Amino acid sequence: QVQLRDSGGGLVQAGGSLRLSCAASGRTSSSYAMGWFRQAPGKEREFVAAISWLGGNTYYADSVKGRFTISRDNPKNTVYLQMNSLKPEDTADYYCAARKGGSHDNDRAYEYWGQGTQVTVSS
């Protein structure tokens with residue numbers, strides 16, 4: 001019903017910046033809260049950031065607070081993750097996701113997922 005396409009990943013040096021985008025298509029709705037998760041090789045998927053459907057509430061993992069900013073443009077059906085001051089430990093595949101309920105940091109609460117975009121941060 002809803003398809004998510006995330007993009008914007010790449011290779012950057014430590015201290016650099018990237019902006020990830022997630023475009024929704026299909027039966028889109030402004031009632032979806034959106035989130036970003038990441039998964040590094042050999043590790044479990046972890047919560048990064050989330051935003052409520054109107055954008056009034058945002059949530060961040062402690063590891064990215066002060067460096068990452070999540071935002072959304074509902075008329076464009078797009079959510080963004082601005083990543084600044086990147087560190088090598090940020091290297092992972094990043095996934096956007098959509099939910100209509102549940103906890104913002106629980107990946108099981110998200111109904112739709114993007115295909116993932118790879119972020120690599122070199123030292």
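Note that the structure is a prediction, hence the values are computed from the model and not measured.
The stretch residues 65-102 participates, sequence neighbours left out, in no ring pair (Phe, Tyr, Trp, His ring centres under 6.0 Å) pair at all. Among residues at least two apart or in separate chains, there is no disulfide bond (SG atoms under 2.5 Å apart) pair with a member in residues 49-88. Pairs passing the disulfide bond (SG atoms under 2.5 Å apart) check and including a residue from residues 41-94, sequence neighbours excluded, do not occur. Identified under the salt bridge (charged side-chain N to carboxylate O under 4.0 Å, His left out) test for residues 5-20, with sequence neighbours left out: none. Counting only residues at least two apart or on different chains, the salt bridge (charged side-chain N to carboxylate O under 4.0 Å, His left out) pairs with a member in residues 61-71 are Asp62-Lys65, Arg67-Asp90.
Ala49 is linked by a side-chain contact (heavy atoms from CB on, under 4.5 Å) to Tyr60, Ile70, Leu81, counting only residues two or more places apart in sequence or in another chain. By the side-chain hydrogen bond (donor to acceptor under 3.5 Å, both in side chains) test, Glu111 is found to be paired with no residue, residues two or more places apart in sequence or in another chain being considered. Looking at residues two or more places apart in sequence or on another chain, you find a side-chain contact (heavy atoms from CB on, under 4.5 Å) between Ala98 and Leu4, Tyr32, Met34, Tyr112. Partners of Phe47 by ring-ring contact (aromatic ring centres under 6.0 Å, His included), not counting sequence neighbours, listed by chain and number: Phe37, His104. In this structure, the side-chain contact (heavy atoms from CB on, under 4.5 Å) partners of Ser17, at least two apart in sequence or on a different chain, are Gln82, Asn84. Contacts of Glu46 classified as side-chain hydrogen bond (donor to acceptor under 3.5 Å, both in side chains), with partners at least two apart in sequence or in another chain: Arg38. Applying the side-chain contact (heavy atoms from CB on, under 4.5 Å) rule to Val12 yields the partners Leu18, Leu86, Val121; only residues at least two apart in sequence or on another chain are considered.
Atom OG of residue Ser7 and atom CD of residue Gln115 lie 7.5 Å apart, to the nearest 0.5 angstrom. Note that OG1 of Thr120 is 4.5 Å distant from CG of Leu11, once rounded to the nearest 0.5 Å.
Trp53 places a side-chain heavy atom less than 4.5 Å from the side chain of Arg72.
Residue Glu89 qualifies as enclosed at atom CD: its count of foreign heavy atoms under 6.0 Å is above 12.
In this structure, Arg99 and Ala50 approach most closely via the heavy-atom pair NH1-CB, 4.1 Å. Heavy-atom minimum distance, Ala109 versus Ser103: CB-O, 3.7 Å. Closest approach of Ser71 and Val79 over heavy atoms only: O-CG2, 3.0 Å. Shortest non-hydrogen contact noted between Ala92 and Ala40 is CB-N, 3.8 Å. What you find for Leu20 and Gly9 is that their closest heavy atoms are CD2-N, 3.6 Å.
Residues Trp36 and Met83 share a hydrophobic cluster, clusters being chains of Ile/Leu/Val/Met/Phe/Trp/Tyr side chains in contact below 4.5 Å.
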